[in-house]
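Everything on this sheet refers to the single structure shown next.
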Amino acid sequence: MPSSLADVAAQFPAASTELREGRELLRRVDTKFVCTRPVALSIVQGLLGHYAALPTPGGNLATYRSLYFDTSDLRCYHDHRRGRRLRHKVRIRHYPDRALSYLEVKTKRNEAVTDKQRRPIAFREERLGEAERAFLARIVDLPIDDLAPMMRIDFRRVSLVALHAAERVTIDCDLAAETMDGARWDAGDRVVVEVKQSPFCVRTPVMGALLAHGLREQSMSKYTIATALVRPDLRRNRLLPELKAIERMTA
């Protein structure tokens, strides 16, 4: 078996432009799982023949750098922690391999459906200008003028698209988070696998592989979990099952 996610990703055919465009899934059902790197390698290896990889100029393992925004009272964090039916994540995401940056909003409308909207911005730009604030004001029920950078989260990702279903799979590794005042957390050997579908279906190769490895869905937001781990003073009762599951894994 290949020794790294980059090695196993290199075995997949490259997704065509037509296939990529047909798997955008900006409205979808997201299902997340957390496992160790060896388990992720085994799962991804078993998907050969069913998926294609999204290539980047540097190969199939892409770098993602995100800056998350929140209000001064951490409204986005607490909305997720409380399980609020309508909640948002606001971030600027940089895609260094493609020299692209976007202002992105992920909106959870209920426990099943996630919407994603984004606006292109200058590469590496991290200020919310007038146009960006107007974009946010049309989408989120947050006090726009109170939004400020709260946390940077970096990781590397393998992205797969299903050949015969409306499904994408992302495998995120080397996850590291840092608050604006320097508090840090990294995920060590933990890997986040996310299945994005429209509609939800449990009978796909990746869902079968995840279940075969005994993995259970986790309501895991990178921003929310990292915030809870670096800020033990915050309330996090509803997050305890996910936090304990993550901490039980070998880092």
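It should be emphasised that the depicted structure is a prediction, and the values quoted were computed from it without experimental measurement. The chain is numbered in sequence order, starting from 1.
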Taking everything shown except R235 itself, do over 12 heavy atoms lie less than 6.0 Å from its CZ? no

Can you list the residues that meet the salt bridge (Lys or Arg N to Asp or Glu O under 4.0 Å) rule with R93, with sequence neighbours excluded? none

Near-ring test Y77/Y223, centroid separation under 6.0 angstrom: no

Note: R37-D174 ion pair, threshold 4.0 Å (strictly below): yes

How far apart are the closest heavy atoms of S101 and A122, and which atoms are they? CB-O, 3.6 Å

Within the 4.5 Å heavy-atom criterion, are L61 and T56 side-chain neighbours or not? no

Please name all residues satisfying side-chain contact (heavy atoms from CB on, under 4.5 Å) with P57, sequence neighbours left out, ordered by chain then number. D97, R98

How would you list, by chain and number, every residue that makes a side-chain contact (heavy atoms from CB on, under 4.5 Å) with E194, sequence neighbours excluded? D30, K32, K106, T170, K196

If you round to the nearest 0.5 Å, how far is CG of D154 from NE2 of H94? 9.0 Å

Salt-bridge contact E18-R20 (side-chain N to carboxylate O under 4.0 Å): no

With a cut-off of 3.5 Å and sequence neighbours excluded, list every side-chain donor-acceptor pair involving residues 159-167.
residue: E167; atom: OE1; partner: Y51; partner atom: OH; Å: 2.6
residue: E167; atom: OE2; partner: Q197; partner atom: NE2; Å: 2.7
residue: E167; atom: OE2; partner: T204; partner atom: OG1; Å: 2.8

Can you measure from CZ (R184) to CG (D181) and round to the nearest 0.5 angstrom? 12.5 Å

What I want to find out is whether E178 reaches R152 closely enough, with some N-O distance under 4.0 Å, to be called a salt bridge. no

Under the salt bridge (Lys or Arg N to Asp or Glu O under 4.0 Å) test, residues paired with D73 that sit two or more places apart: none

Kindly compute the distance separating OG1 (T179) from CH2 (W185), expressed to the nearest 0.5 Å. 13.5 Å

Please name all residues satisfying side-chain contact (heavy atoms from CB on, under 4.5 Å) with D141, sequence neighbours left out, ordered by chain then number. R75, R84, L86, H88

For Y68 and R91 the tightest heavy-atom approach is OH-NH1, 3.3 Å

Does a donor on one side chain and an acceptor on the other come within less than 3.5 Å for D115 and T107? no

Under a 3.5 Å cutoff, is there a donor and acceptor pairing between the side chains of S42 and H213? yes

Under 4.5 Å between any side-chain heavy atoms of F135 and L103, yes or no? yes

What closest approach, in Å, do A53 and A9 show between heavy atoms, and which atom pair accounts for it? CB-O, 4.2 Å

Mind telling me whether Y64 and Y95 have parallel, tilted or perpendicular rings, with 30° and 60° as the class edges? perpendicular

Nearest heavy atoms of C76 and D70, plus distance in Å: N-OD1, 2.8 Å

Please report the closest heavy-atom contact between T31 and M207, naming both atoms and the distance. CG2-CE, 4.4 Å

